[in-house]
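All values reported here derive from a predicted model rather than from experimental measurement.
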Amino acid sequence: MAQQEAGGHEAYYVPSESKLPVWLAFGLGVMLYGLGAWMNSAQTGGHGKELLFVVGFVVVAIALYRWFAAVIEENHRGMNSAQVKRSYVWGMGWFIFSEVMFFAAFFGALFYIRFLALPWLGGEGEKGITGQYLWPDFTVDWNAGTNPHPQWATPDATLAAPPLTQWLAYLPFYNTVVLLTSSVTIHVAHTALKEGNRSKLNLWLGITVALGILFLILQMAEYVHAYRDLGLTLNTGIYGSTFFLLTGFHGFHVTLGTFMLIVMLARCLKGHFTKEDHFGFEATAWYWHFVDVVWLGLFLFVYVF
Amino acid sequence: MSAVIDAHHDDHHHGPAKGITRWLYTTNHKDIGSMYLWFSFIMFLAGGVMALVIRAELFQPGQSFVEPHFFNQMTTMHGLVMVFGAIMPAFVGLANWMLPMMVGAPDMALPRMNNLSFWILPFASLMLISTLFMEGGGPDFGWTMYAPLSTTYAPDSVTFMIFAIHLLGASSIMGAINIIATILNMRAPGMTLMKMPMFVWTWLITAYLLIAVMPVLAGAVTMMLFDIHFGTSCFDAAGGGDPVLFQHIFWFFGHPEVYIMILPAFGIVSHVIPAFSRKRLFGYDSMVYATSSIAFLSFIVWAHHMFTVGMPLAGQLFFMYATMLIAVPTGVKVFNWISTMWQGSMTFETPMLFALAFVFLFTVGGFSGVMLAIAPADYQYHDTYFVVAHFHYVLVSGALFSIFCAVYYWLPKWTGFMYSEALGKLHFWLSFIGVNLAFFPMHFSGLAGMPRRIPDYALQFANFNAWSTVGAFVFGLSQLLFLYLVIKCIRGGQKATAGVWDGAEGLEWTVPSPAPYHTFSTPPVVK
Amino acid sequence: MTIATRFVPSGLLLLAVVALAVPASASSGWNMTPGVTEISRAIYDLHMLIFWICVAIGVVVFGAMLISIILHRKSRGVTPATFHESTKLEIVWTLVPLGILIGMAVPATSVLVQMYDSGGEDMVVEVRGYQWRWQYKYLDDDLNEQISFFSNLSTPREQILGLSEKGENYLLEVDNPLVIPINRKVRFLLTSNDVIHAWWVPDFALKRDAIPGFINDMWTIVEEPGIYRGQCAELCGIDHGFMPIVVHALPEDEYDAWYAEQLQLARLEEQLMERDWSEAELLARGEEVYSTHCVGCHQADGQGVPPVFPALAGNAMMTGDFDVHMEVVYHGRAGTAMQAFGPVLSPVDMASVMNYQRHAFGKAGASERSEPVKPKDIVTFAAAQ
Ligand code: HEA
Ligand code: HEA
Ligand code: CUA
Ligand SMILES: [Cu+2]
């Protein structure tokens, strides 16, 4: 498979020209330009700017599909040397690191707000004069979602965790269980793959997909509950802002991860992957573990503390 | 769809394709490198023209040329375009050209993604620059985008700027991943980490910085987007947020960002000085450690840009001390360069002239950096032209000069022809004089009290500004000479040998000039 | 060797000399001002100390480089040495700069600690940034407002546009300067009404961001009476370059007299509301208010700067329903530069500017309300909110 060179080293591999990158770049440009136009027109009540976004999205989707298809095809034809495969491994690893840093920005914001800015606004700490002079009526109650100025509505209730004894009636607790379980099930599936046990692989991967979807359903239910029953929205000041930004971007990543898992399931069912060579699967598993770890952070710092 | 280079049949396969599709569909690191370099030069001219608009307006007091609103857009765009459009892509272009050659690889690790990272740039830049023509004007709140001027009080076009930054960030991250994968995975047998050329080392660390901080910038502008369009209150005190939060996140990105723009420059200079001193680089190991320490420190100094926001004393002190510390590893680098020259056998071809000017002027910029780091004194310097002088010394006569240096150094290897040394020297001297004339007086206008980002100023600053403007035009116009020289060199000239320079060392000098389309189809062995 | 290369050393030398010599001539408009407070002088000394340290390091570093360039060049026929490392040297030039830096950090820390030594103040002034002017509020011991006024750029537009000779204090002059006493500890509470501004007077070495929704605290003791000028030092939008700061530092007794007079004027202003205002009086006062508070955006001729700042001239609102018009001016438009003027303008000023706008930019009399607006109407309107 991998090319052997006389001196014992592998020959290098370089893919030939491809139309996909430039199309993908074009699609991304159109999609985001369209999204910007759409957002701006939505603000002024205009309509009809969605089209550009949709066109761009379709281009992106097709390009990505064909790109991954090409990579899979190359691998099946035995064109990927061990070195190329290592490059993919490095690539995925560093990509996940970049995702970690993206979430780090939002966690950093959460900590800054909770431990510095809000106390100052509430009249405590080194810059407490802020609260004493400008916001005399404001007392910080993070778990009640209070805000300095009444122009930002205070929610009727937040989703802060109740005492441990009541967790059985607490939806985010179930979300945690679901997601943690799914991390285990994907691991079982991976082990099965390495053992060459295909039916076990399909079963456990299928279960993982189901758990991913279940998580998303629960998350949606929670959002509906927050918007409809609690009056907790993106517009209810900083609690709502951080809550929805963090859980929202996490949910978006879970959606992506679930989609990746579904693709992997389809590939497994088609008989892709071997005991030794299944980086596509492994990359997805890594991503899924990453999403899981982020959730743990979320659960601790957004819900519990 | 793809193919394997077979070492034994190299010839019947893989020359450049013909026509425009060669550039659109390419997976070749040299083609992509060239596109990066051309793109960044175009952006440099665009950003430069904006700088000239700024300088023209500031030539004398009074509103003479553009309206304040447009002036602010020029300042903002100039900063964004130079940072994200000119300097960063130029370094990525150099990395594309040189890294595979330096580590003994035929190409980058992920060639298709490489082309994607490049092609995102033109679309993103188009989106960024198009904001200038939108209703309400382009972004007018400075490249630092401080909320709430950039959110509640921003023109509508800010949405497009945000998405453009997302795209530019995605491109940088993919470029950086590619570079790391190439360096870690594609080195020729025998090239251990501590045998890697300095440019490779500095880029490895730069790429790490990029992956660590570009997502944070993406997070910052995403919060802006949500504050603008979806009613969140991240940066609004009335809703429990804090405008200063934006600055913390931005500068957590922003400070490492400035080292992203200087570390590869350190690498370049560490090649050129030994070559023209005909002497090995002094203190290779300590160079590697110094670069790593700079990278580490760059994560814990960000708030030195925010000494005036009213941080508690402890924070102020911490960030002051940490910032001052950076002078230590940077000093190690400067001393090593000078020791490399010491008792060498120096000649002064254009690359060397730029390298020497780099060491000299970057250090001047570093000194003003240390002055800025002194928190109490920064109360007087902050947001004045003293800061503008500081960062143009490190960015223009630092980063940009190192790019010129690199281009002159490797141009014969790229084109197969020697450039005109006489024109090169002329370009150097005009640039050297222009840069100092443009930016040195800014130290004085800043100390005398001229704030930055103002379209009009009090009378006592008039002389300094007139000089700056003259210098800016001298410097700017001499870049057309550079353009001419490069085109001339591509067209032909004296043939370059494989070695090109007497004292140059490294794998790139073992292959013919111009370098073959795929440099190393089988790995060379490094002893 | 070309002629150019021979100039490298001399070129570098020349620049170094210029670089070193020029800033040495302190306080000639080239350098930072030593200022008129203890802190500002401490900062100036610190600045010069660091500067000279950098110069000294520069002399050593650039000197070594220059010697190399001059002596160790191929054209002199030297053969390169082969040394390329020395752990001892590396340690030396790690530790020596570290020592120098510690030497800088010590005085820097003490100045900083001194600056943070707030408390024990004799008076408190709230400084509030607006696009694009400053508001000063003198507070009593319980931080209640006593006097309040706005401070606007007073340089005429003709000077900016070059239609007339620029005055000596071009762009550094205001209508109402901040007045403070010397030798008393003045505490400033800094905040903003819209975006971030920064209040900076170089002679006091005071610069701090004015952040909407937050308070920044700083203090000064001015030692010499005089007029001190500064500028907004944080990009705050279109007219960022046009919101200067002028401070009159008066001897204590003069200040006390000024303060007493201002207090009295403020009382009088309150009584003005009770008075009966004729339309002409209202219009005259309204023009004044308009030109201090509104021209920045809507322009003197009411044409605005569309699309950012809408035209008022010919605007349907000027002739339309009064309450709608009032609503905009009183509450502003959330999310735009149009701020709420309700809390800013006194009822008298508000009534006059409303009258003035409708008179100057609508067809006078075509308004649904042909009666002039009276200060009392504003009070009624405000009470209904
Ligand atoms: C390439 C980019 C680059 C580089 C390398 C640097 C390098 C440094 N910068 Fe600079 N900086 C910028 C780009 C850069 N900067 C930009 C763009 C801004 C403004 C952003 C904006 O607001 O728009 C800025 C602003 C900025 C500020 C904020 C000023 C303000 O807004 O008030 C500060 C404050 O501490 C600072 C400090 C430093 C320091 C200490 C270094 C150090 O790394 C310098 C170290 C080097 C040396 C010191 C010289 C060599 C050393 C020796 C010879 C050893 C001996 C020396 C001593 C012991 C002193 N910089
Ligand atoms: C990253 C690199 C970089 C580079 C290379 C430059 C290059 C230059 N910059 Fe800088 N600048 C910044 C980064 C950079 N800048 C940043 C980050 C800011 C802060 C922005 C902010 O405040 O938000 C700034 C701000 C800034 C200001 C302050 C503006 C203000 O505060 O309002 C000024 C003022 O003089 C200035 C001037 C210049 C000049 C004269 C050059 C010259 O070196 C440019 C020379 C180049 C040319 C002039 C191009 C030549 C083109 C031609 C000759 C025309 C050819 C024409 C066609 C083919 C159409 N810049
Ligand atoms: Cu206010 Cu700048
Ligand atoms: Cu910095």
Side-chain angles (χ1 to χ4, degrees), chain A residues 36-46 49 108-142 145-154 231 233-242 244-245, chain C residues 112-113 115-121 123-130 135-146 148 186-194 196-197 208-219 306-308 310 330-336 338-340 342-343 385:
Chain A
W38 185 10
M39 282 182 181
N40 277 350
S41 67
Q43 207 172 38
T44 52
K49 292 281 171 69
L110 178 72
F111 295 144
Y112 176 85
I113 292 287
R114 286 194 57 182
F115 300 120
L116 294 170
L118 267 185
W120 291 338
L121 288 167
E124 297 150 30
E126 280 195 58
K127 297 186 65 177
I129 180 73
T130 291
Q132 292 152 24
Y133 184 63
L134 288 179
W135 312 103
D137 301 333
F138 173 57
T139 35
V140 184
D141 186 345
W142 176 254
T146 54
N147 294 310
H149 194 281
Q151 130 205 7
W152 298 86
T154 302
T233 72
L234 273 170
N235 304 301
T236 44
I238 198 64
Y239 181 94
S241 302
T242 51
F244 284 106
L245 279 172
Chain C
L112 200 60
V113 169
M115 296 176 82
Y116 271 75
D117 176 27
S118 44
E121 69 273 5
M123 59 180 280
V124 188
V125 179
E126 183 203 303
V127 177
R128 191 178 279 259
Y130 287 76
Q135 184 187 30
Y136 300 111
K137 289 186 193 166
Y138 292 69
L139 309 178
D140 64 14
D141 291 345
D142 301 322
L143 305 185
N144 296 314
E145 175 183 326
Q146 301 297 306
S148 152
V186 184
R187 178 187 186 199
F188 296 99
L189 299 182
L190 208 59
T191 185
S192 163
N193 211 47
D194 34 51
I196 302 178
H197 304 263
R208 207 78 93 244
D209 292 357
I211 299 163
F214 282 82
I215 291 285
N216 265 332
D217 203 349
M218 59 184 185
W219 61 269
V308 190
Y330 194 88
H331 290 295
R333 287 258 167 81
T336 75
M338 182 63 199
Q339 67 180 76
Q385 299 306 306

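Atom CD1 of residue A:I129 and atom CG of residue C:L190 lie 12.5 Å apart, to the nearest 0.5 angstrom. With values rounded to the nearest 0.5 angstrom, A:W120 atom CH2 is found 13.5 Å from C:I215 atom CD1.
Atom CG of C:D141 sits in a sparse spot, with 12 or fewer heavy atoms from other residues, nucleotides or ligands closer than 6.0 Å.
In terms of modelled atom types and a separation under 3.5 Å, the side chain of A:W135 and the main chain of C:F214 share no donor-acceptor contact.
Of the atoms belonging to C:I211, not a single heavy atom falls under 4.5 Å from chain A.
C:D217 meets the salt bridge (charged side-chain N to carboxylate O under 4.0 Å, His left out) test with C:R187; sequence neighbours excluded. Qualifying ring pair (Phe, Tyr, Trp, His ring centres under 6.0 Å) partners for A:F138, counting only residues two or more places apart in sequence or in other chains: none.
In this structure, the side chains of C:N216 and A:K127 come closer than 4.5 Å at one or more pairs of heavy atoms.
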